[in-house]
Amino acid sequence: QVQLVESGGGLVQPGGSLRLSCAASGTIFSINTMAWHRQAPGKERELVARISQEGTPNYAASVKGRFTISRDNAKNTVYLQMNALDTEDTAVYYCNDVVKKTRWDYWGSYWGQGTQVTVSS
């Protein structure tokens, strides 16, 4: 099994910053893409940022220049540094890893349980 545990969410004022972390544990041979998604009330889940195994990031247009995704392969952890937060960033944030459990397995997609980020004055 593979478990993803997010942390770092909370309440922050507009213009503030938060750093999310997502640690993967369990039976892991390799992690390919790591990503953050979010879902606001009444809206569909959307991709926020993803990072390749080699460390190449991609961002949604709405967060580019404000958010930074990074990963620590030794710790099987992905981070999301969020700066200049706006009320529109309020959502539940989910991490999503593409994982191979053994050398012979296919790649599988795993999700964390989500962490709430609320931006409000």
Side-chain angles (χ1 to χ4, degrees):
Q1 274 288 33
V2 176
Q3 297 84 36
L4 272 59
V5 179
E6 298 114 334
S7 60
L11 173 64
V12 64
Q13 292 186 340
S17 298
L18 281 176
R19 189 192 193 210
L20 305 182
S21 300
C22 174
S25 62
T27 305
I28 298 172
F29 171 73
S30 180
I31 301 179
N32 197 327
T33 302
M34 306 175 92
W36 288 95
H37 299 248
R38 68 185 180 186
Q39 188 166 19
K43 295 186 178 181
E44 294 194 354
R45 191 173 297 190
E46 63 174 354
L47 175 67
V48 175
R50 65 178 156 212
I51 185 166
S52 71
Q53 195 170 37
E54 296 76 23
T56 302
N58 283 287
Y59 299 96
S62 60
V63 306
K64 205 167 187 178
R66 299 188 298 124
F67 291 10
T68 302
I69 189 170
S70 60
R71 63 189 287 168
D72 184 333
N73 291 331
K75 296 181 179 179
N76 290 335
T77 299
V78 61
Y79 305 96
L80 186 68
Q81 177 66 43
M82 305 185 293
N83 298 329
L85 282 161
D86 183 81
T87 55
E88 295 294 311
D89 298 314
T90 295
V92 178
Y93 285 70
Y94 299 90
C95 63
N96 168 230
D97 290 354
V98 177
V99 177
K100 187 179 281 192
K101 290 191 288 186
T102 71
R103 182 185 302 274
W104 302 275
D105 275 338
Y106 292 107
W107 294 102
S109 180
Y110 297 86
W111 291 84
Q113 81 287 352
T115 185
Q116 177 70 46
V117 172
T118 302
V119 185
S120 175
S121 55

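Please read all numbers here as calculations on a predicted model, not as lab measurements.
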Side-chain touch Val78/Ile69, heavy atoms, less than 4.5 angstrom: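 Of all side-chain heavy-atom pairs linking Ile69 with Val78, at least one is under 4.5 Å.
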Measure the shortest side-chain to side-chain distance between Thr87 and Pro14 over non-hydrogen atoms and say whether it is less than 4.5 angstrom.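 In short, these two side chains touch, coming nearer than 4.5 Å.
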Might you point out which heavy atoms bring [X] and [Y] nearest each other, and give the distance in Å?
| X | Y | result |
| --- | --- | --- |
| Ala49 | Leu80 | CB-CD1, 4.3 Å |
| Arg45 | His37 | CG-CB, 3.9 Å |
| Leu4 | Gln113 | O-OE1, 3.4 Å |
| Gln1 | Lys101 | N-CD, 4.4 Å |
| Gly55 | Pro57 | O-CD, 3.3 Å |
| Tyr93 | Met82 | CE2-SD, 3.9 Å |

What distance do [X] atom [atom1] and [Y] atom [atom2] have between them, rounded to the nearest 0.5 Å?
| X | Y | atom1 | atom2 | result |
| --- | --- | --- | --- | --- |
| Leu47 | Ser62 | CG | OG | 9.5 Å |
| Thr68 | Arg19 | OG1 | CZ | 10.5 Å |
| Tyr79 | Met34 | OH | CE | 9.0 Å |
| Arg71 | Gln53 | CZ | CD | 6.0 Å |
| Asp97 | Ser109 | CG | OG | 8.5 Å |
| Glu6 | Asn96 | CD | CG | 10.0 Å |

Would you say [X] and [Y] are hydrophobically clustered, going by side-chain heavy atoms of ILVMFWY under 4.5 Å?
| X | Y | answer |
| --- | --- | --- |
| Ile28 | Ile51 | yes |
| Ile31 | Trp36 | yes |
| Val2 | Val98 | no |
| Phe67 | Val12 | yes |
| Tyr110 | Val92 | no |

Of Thr118, Leu18, Val63, Thr90, which meets side chain to side chain contact (heavy atoms under 4.5 Å, CB included) against Leu85?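 Of the listed options, the one satisfying the test is Leu18.
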Whether Tyr94 and Trp111 hold their rings parallel, tilted or perpendicular, with breakpoints at 30° and 60°: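 The rings of Tyr94 and Trp111 stand perpendicular, inter-plane angle above 60°.
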Under the side-chain contact (heavy atoms from CB on, under 4.5 Å) criterion, do Leu11 and Ser120 qualify, and how do the steps go? CA-CA 7 Å; Leu11 173 64; Ser120 175; 4.1 Å; yes
Quick one: do Arg66 and Asp89 make a salt bridge, cutoff under 4.0 Å?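 Asp89 and Arg66: salt-bridged.
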